[in-house]
Peer 1: 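Just passing along the structure, written as structure tokens.
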Amino acid sequence: QDKWRQINKFVETLAKLFDKSQLADRRDLKIVDMGSGKGYLTFAAYDYFTHVRGLNVTMTGVEAKSELAGLCNDIAQTCEFDGLKFLSGTIATHETGDVDILIALHACDTATDDALYKGIAAQADLIVAAPCCHREIRPQIKAPAMFKDILKHGVMLERTAETVTDGLRALLLERSGYSSQLFEFISVEHTPKNNMLVGTRLATPKTTDDIEAQIAEIKSLYGIGEQRLEKLLSRTEGAKVI
């Protein structure tokens with residue numbers, strides 16, 4: 001029931017974001033689900049946009065476990081979902097190509113950064129991710145003097161690491177020509193991993209000097225040396241297809 005509610009809420013939110021985006025009048029849609037797992041979200045999103053909205057959808061689920069990708073392909077064929085396929089591979093190595101919407105539900109730790117990067121590099125109009133397992137930043141954090149007796153508590157350090165990680169991701173989306181939203185997409189009673197990070201590509205990118213300054217200030221404040229998405233973007237700024 002918890003998973004069912006998460007998937008339905010994700011698709012409901014995705015539909016609203018689609019209607020407010022530059023994609024709203026499109027009849028052909030390319031979607032990629034990064035880290036598709038057993039395909040719950042992939043099948044639901046494909047079914048919604050194909051059968052409820054009547055769009056011509058080409059959708060790909062990317063899953064590291066080949067047995068899951070194979071199982072989902074069998075189900076897609078049985079359901080006659082001709083525009084849906086699953087590929088075996090990692091998010092980091094998948095060649096995304098052109099994509100209109102990139103989604104990722106609970107891609108673990110820096111796999112969320114890999115997914116965001118792929119969406120940015122492909123200039124996807126919508127990037128929608130529910131992050132999971134924020135492990136990269138936590139061991140790097142050096143508590144500022146004013147917070148040293150707060151962040152000595154593990155639970156506070158954990159929450160701060162999550163806040164800083166997703167906050168930096170939102171800023172990096174904005175630096176890359178997107179507007180960003182970060183919110184709880186479902187009640188915590190259904191999953192504690194309930195944050196949703198949305199990037200909507202802007203027709204006219206904004207200036208980014210102040211964003212660069214904010215990112216640098218946050219990293220300096222907490223003694224953060226490296227963040228995965230920032231590192232990936234620094235390698236191929238301006239890339240169209242990966």
Side-chain angles (χ1 to χ4, degrees), residues 10-34 45 48-49 53-60 62 91-92 94-105 107 110-131 163-185 195-220 224 227-242:
F10 196 112
V11 173
E12 178 186 327
T13 303
L14 184 59
K16 292 177 181 178
L17 292 167
F18 173 82
D19 287 335
K20 294 178 181 178
S21 75
Q22 300 178 67
L23 297 169
D25 296 326
R26 291 278 295 275
R27 302 304 303 167
D28 298 315
L29 204 58
K30 294 180 180 178
I31 308 174
V32 175
D33 183 3
M34 292 296 201
Y48 174 78
F49 283 110
R53 301 297 289 266
L55 304 182
N56 179 28
V57 178
T58 301
M59 187 164 186
T60 303
V62 180
I91 296 172
H94 177 69
E95 295 184 2
T96 308
D98 289 327
V99 58
D100 300 309
I101 301 175
L102 183 142
I103 60 177
L105 176 61
T110 56
T112 291
D113 296 290
D114 293 335
L116 295 173
Y117 171 64
K118 292 292 182 175
I120 292 169
Q123 295 184 11
D125 287 280
L126 272 177
I127 301 172
V128 185
T163 298
V164 172
T165 298
D166 288 339
L168 285 172
R169 288 167 171 165
L171 287 171
L172 288 164
L173 279 168
E174 292 176 16
R175 195 191 73 177
S176 302
Y178 287 77
S179 65
S180 70
Q181 301 176 64
L182 188 57
F183 55 91
E184 292 185 348
F185 76 99
N195 282 347
M196 179 172 281
L197 176 59
V198 176
T200 302
R201 191 161 66 91
L202 298 171
T204 305
K206 299 178 181 178
T207 57
T208 61
D209 290 347
D210 60 332
I211 298 174
E212 291 278 10
Q214 285 185 67
I215 292 170
E217 187 175 359
I218 291 168
K219 291 175 65 182
S220 176
I224 297 168
Q227 199 280 331
R228 173 74 173 175
L229 179 56
E230 183 183 31
K231 183 177 180 179
L232 290 170
L233 289 169
S234 70
R235 293 176 181 172
T236 55
E237 291 286 357
K240 170 67 175 91
V241 179
I242 293 180

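Position 1 is the first residue of the sequence, and the numbers go up from there. Worth knowing before you read on, the calculation uses all heavy atoms, side chains too, and leaves out hydrogens, waters and symmetry mates.
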Peer 1: Which heavy atom of Ser176 sits nearest a heavy atom of Ile120, and at what distance?
Peer 2: CB-CG2, 3.7 Å
Peer 1: I need the minimum non-hydrogen distance between Gly167 and Leu182, along with the two atoms involved.
Peer 2: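 That would be N-CD2, 4.4 Å.
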Peer 1: Using 0.5 Å steps for rounding, measure from the CD1 atom of Ile127 to the CD1 atom of Ile103.
Peer 2: 12.5 Å
Peer 1: Hey, could you give me each pair passing salt bridge (charged side-chain N to carboxylate O under 4.0 Å, His left out) that has a residue in residues 210-220? Not counting sequence neighbours.
Peer 2: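 Found Arg175-Glu212, Lys219-Glu230.
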Peer 1: Measuring from Ile31:CD1 to Ile101:CD1, what's the distance to the nearest 0.5 Å?
Peer 2: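 Separation between the atoms: 4.5 Å.
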Peer 1: Minimum heavy-atom separation for Ile91 and Ala107, please, with both atom names.
Peer 2: CD1-CB, 4.0 Å
Peer 1: Roughly how far, to the nearest 0.5 Å, is CE of Met196 from CG of Asp166?
Peer 2: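 So the gap between those two atoms works out to 12.0 Å.
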Peer 1: Tell me, do Val198 and Leu17 make a side-chain contact under 4.5 Å, heavy atoms counted?
Peer 2: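 Answer yes - side chains close enough.
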Peer 1: Identify, with sequence neighbours excluded, every residue that meets side chain to side chain contact (heavy atoms under 4.5 Å, CB included) alongside Lys206.
Peer 2: Leu202
Peer 1: Are Asp113 and Lys231 packed together at the side-chain level, in the sense that at least one heavy-atom pair is separated by less than 4.5 angstrom?
Peer 2: no
Peer 1: Can you list the residues that meet the side-chain hydrogen bond (donor to acceptor under 3.5 Å, both in side chains) rule with Ser180, with sequence neighbours excluded?
Peer 2: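 With sequence neighbours excluded, Ser180 shows a side-chain hydrogen bond (donor to acceptor under 3.5 Å, both in side chains) to Glu174, given in chain and number order.
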Peer 1: Who pairs with Lys30 by salt bridge (Lys or Arg N to Asp or Glu O under 4.0 Å), at least two apart in sequence or on another chain?
Peer 2: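 So Lys30 forms no salt bridge (Lys or Arg N to Asp or Glu O under 4.0 Å) with any residue.
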Peer 1: CZ of Arg26 to CZ of Phe18: how many Å apart, nearest 0.5 Å?
Peer 2: 8.5 Å
Peer 1: Which atoms form the tightest heavy-atom contact between Gly177 and Pro205, and what is the distance?
Peer 2: CA-CB, 4.2 Å
Peer 1: Which heavy atom in Asp100 sits nearest to a heavy atom in Asp28, and how many Å separate them?
Peer 2: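 Scanning both residues, the minimum pair turns out to be OD2-O, 4.0 Å.
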Peer 1: Under a 4.5 Å cut-off applied to non-hydrogen side-chain atoms, are Leu116 and Tyr178 in contact?
Peer 2: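 SC-SC contact between Leu116 and Tyr178 ruled out.
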Peer 1: For residues Met59 and Ala45, report the shortest heavy-atom separation together with the two atoms involved.
Peer 2: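 Nearest pair, atom of Met59 first, then Ala45: CE-CB, 3.8 Å.
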Peer 1: Decide side-chain contact (heavy atoms from CB on, under 4.5 Å) for Leu229 and Leu168; before the verdict, give the C-alpha distance in whole Å, the side-chain angles of both, and the deciding distance to 0.1 Å.
Peer 2: CA-CA 9 Å; Leu229 179 56; Leu168 285 172; over 6 Å; no
Peer 1: Kindly indicate whether the side chain of Leu197, heavy atoms from C-beta on, has any atom under 4.5 Å from the side chain of Gln181.
Peer 2: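 The answer is no, as the side chains (C-beta and beyond) never meet within the 4.5 Å cut-off.
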Peer 1: Are Leu172 and Gln227 close enough that some pair of their side-chain heavy atoms sits under 4.5 Å apart?
Peer 2: yes
Peer 1: Counting C-beta onward and ignoring hydrogens, is there a side-chain heavy-atom pair between Thr165 and Thr112 closer than 4.5 Å?
Peer 2: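 Not in contact.
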Peer 1: Taking side-chain hydrogen bond (donor to acceptor under 3.5 Å, both in side chains) as the test, write out the residues that go with Arg53, two or more places apart.
Peer 2: Asp19, Tyr48
Peer 1: So, the side chain of Thr60 versus the backbone of Val32: is there a donor-acceptor pair under 3.5 Å, distance only?
Peer 2: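 Pair absent, no side-chain N/O of Thr60 close to backbone of Val32.
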Peer 1: Hey, what do you get for OG1 (Thr96) to OH (Tyr117), rounding to the nearest 0.5 Å?
Peer 2: 9.5 Å
Peer 1: Check side-chain hydrogen bond (donor to acceptor under 3.5 Å, both in side chains) between Asp209 and all other residues, then give those that pass, not counting sequence neighbours.
Peer 2: none
Peer 1: Go through the structure and list residues passing salt bridge (Lys or Arg N to Asp or Glu O under 4.0 Å) with Asp125, not counting sequence neighbours.
Peer 2: Arg201
Peer 1: Evaluate the side-chain proximity of Leu126 to Thr200: yes if any heavy-atom separation is below 4.5 Å, no if none is.
Peer 2: yes
Peer 1: List the residues meeting side-chain hydrogen bond (donor to acceptor under 3.5 Å, both in side chains) with Asp114, not counting sequence neighbours, and say none if there are none.
Peer 2: Arg228
Peer 1: Just how far is it from atom CG of Leu233 to atom CG of Leu173, taken to the nearest 0.5 Å?
Peer 2: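 Nearest 0.5 Å value for the CG-CG distance: 8.5 Å.
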Peer 1: With sequence neighbours excluded, what pairs up with Lys16 under the salt bridge (Lys or Arg N to Asp or Glu O under 4.0 Å) test?
Peer 2: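 Listed in chain order: Glu12.
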